[in-house]
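Structure first, then comments.
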Amino acid sequence: MIKPLKPPKPKKCKNPDCGKSFVPAKFGQVVCCWQCAIAYNNLPTNKTKERVSREINKLAKDKVKTRSEHLAEAQKEFNAYIRLRDAKKPCISCGRHHQGQYHAGHYKTVGAHPELRFNELNVHKQCSACNNHKSGNIVEYRINLVKKVGTEAVEWLEGNHEAKKYTIEEIKQIKTDYRQKIKDIKRKSE
């Protein structure tokens, strides 16, 4: 003798706006009616919720960042751009190609001339030995800089400049601009 099928157990509607108890008519039915099915289908998925949550967290972290943190991030992007721009060139100071680490060496230091921090004429690829151990190897840097950009540009760098205090919005724009320049260089090299 064949046992009769048990009637389905009542379920709670998965639509958060409804929550009524219903008896499913089909296997796998999770909502009580077609209106709840539409509403349930339009709910954000877990991936969407996670993405939105990450964006909110990113914006919240961005709001509490200090000016110096924004400046450090912009400097990191700028330095990466300089190293990519000069990738095939030797060290500006010693003129060597080697396997070691390279920096974005400033001719006029950021501490003494913060207004030239993001000036591309002032910053060139420099080996870590020259930058760290020889304090920038500034005499050789100047000689090679004159060869690279010309006497007028070097004299302009050595002249007086108006002090520059970047706002957070300007710093963010600098960071965005150099990220784009890095992408453009990488795209051209592919």
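Just so you know, residue 1 is the first one in the sequence shown, and it goes up from there.
- By the 6.0 Å and 45° rule, Lys125 stacks over the aromatic ring of Tyr102.
- Residue Ile82 holds its CD1 atom at 9.5 Å from CD1 of Ile182, rounded to the nearest 0.5 Å.
- Annotation: side chain of Glu120 is in contact with side chain of Arg85 (closest heavy-atom distance under 4.5 Å).
- By the 4.5 Å heavy-atom criterion applied to side chains, Asn119 and Trp156 are counted as neighbours.
- Residues Ile92 and Leu121 share a hydrophobic cluster, clusters being chains of Ile/Leu/Val/Met/Phe/Trp/Tyr side chains in contact below 4.5 Å.
- The shortest distance between side-chain heavy atoms of Lys89 and Lys148 falls below 4.5 Å.
- Cluster membership check: Ile174 does not share its hydrophobic cluster with Val110, using side-chain heavy-atom separations under 4.5 Å among Ile, Leu, Val, Met, Phe, Trp and Tyr.
- At most 12 non-hydrogen atoms from other residues, nucleotides or ligands lie less than 6.0 angstrom from CG of Asn160.
- Residues Ile143 and Lys147 have side chains in contact (heavy-atom distance under 4.5 Å, counting atoms from C-beta outward).
- Counting only heavy atoms from C-beta outward, the side chains of His113 and Asn122 never approach each other to under 4.5 Å.
- The shortest distance between side-chain heavy atoms of Phe78 and Arg117 does not fall below 4.5 Å.
- At a threshold of 4.5 Å between non-hydrogen side-chain atoms, the residues Asn79 and Lys76 do not count as touching.
- Contact check on Arg142 versus Glu158 returns a salt bridge, with a Lys/Arg side-chain nitrogen under 4.0 Å from an Asp/Glu carboxylate oxygen.
- Shortest non-hydrogen contact noted between Lys12 and Gly19 is CG-O, 3.4 Å.
- Hydrophobic cluster membership differs between Tyr107 and Tyr81, with clusters built from Ile, Leu, Val, Met, Phe, Trp and Tyr side chains linked at under 4.5 angstrom.
- Sparse packing is recorded around NZ of Lys20, with 12 or fewer heavy atoms of other residues, nucleotides or ligands lying under 6.0 Å away.
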Audit row: Asn132, His103, side-chain contact (heavy atoms from CB on, under 4.5 Å) steps and yes/no: CA-CA 9 Å; Asn132 291 339; His103 297 173; 3.2 Å; yes

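- Remark: Lys14 NZ to Cys36 SG distance equals 13.0 Å, nearest 0.5 Å.
- Evaluated for a side-chain contact (heavy atoms from CB on, under 4.5 Å) with Cys127, the options Cys94, Ser93, Pro90 yield exactly one hit, Cys94.
- A single hydrophobic cluster is seen to contain both Leu116 and Val154, as judged by linkage of ILVMFWY side chains at heavy-atom distances under 4.5 Å, directly or through other members.
- Taking the charged nitrogens against the carboxylate oxygens, Arg187 and Asp184 do have a contact shorter than 4.0 Å, which makes a salt bridge.
- Distance check: Tyr40 OH to Cys13 SG gives 9.5 Å after rounding to the nearest 0.5 Å.
- In this structure, Gln75 CD and Leu71 CG are separated by 7.0 Å, a value rounded to the nearest 0.5 Å.
- Nearest approach of His161 to Gly159, heavy atoms of both residues: CD2-O, 3.1 Å.
- Within the model, atoms CD of Glu140 and CD of Gln126 stand 11.5 Å from one another, a figure rounded to the nearest 0.5 Å.
- Taking the ring centroids of Tyr178 and Phe118, they lie at or beyond the 6.0 Å cut-off.
- Between the side chain of Asn42 and the main chain of Ile38, a donor-acceptor pair closer than 3.5 Å is present.
- Although no hydrogens or angles enter the test, the distance criterion places a donor-acceptor pair under 3.5 Å between the side chain of His98 and the main chain of Gly100.
- Residues Glu162 and Glu115 form no side-chain contact, since every pair of their non-hydrogen atoms from C-beta on lies 4.5 Å or further apart.
- Considering Glu69, Glu73, Glu170, Glu169 in turn, Glu73 is the only one that fulfils the salt bridge (Lys or Arg N to Asp or Glu O under 4.0 Å) rule with Lys175.
- The number of heavy-atom neighbours closer than 6.0 Å to NZ of Lys172, taken from other residues, nucleotides and ligands shown, is above 12.
- Note that CG of Asp62 is 4.5 Å distant from NE2 of His70, once rounded to the nearest 0.5 Å.
- In plain terms, the two heavy atoms of Ile171 and Tyr166 that are nearest each other are CG1-CB, 3.6 Å.
- In terms of heavy atoms, Phe22 sits closest to Gln29 at CE1-NE2, 3.7 Å.
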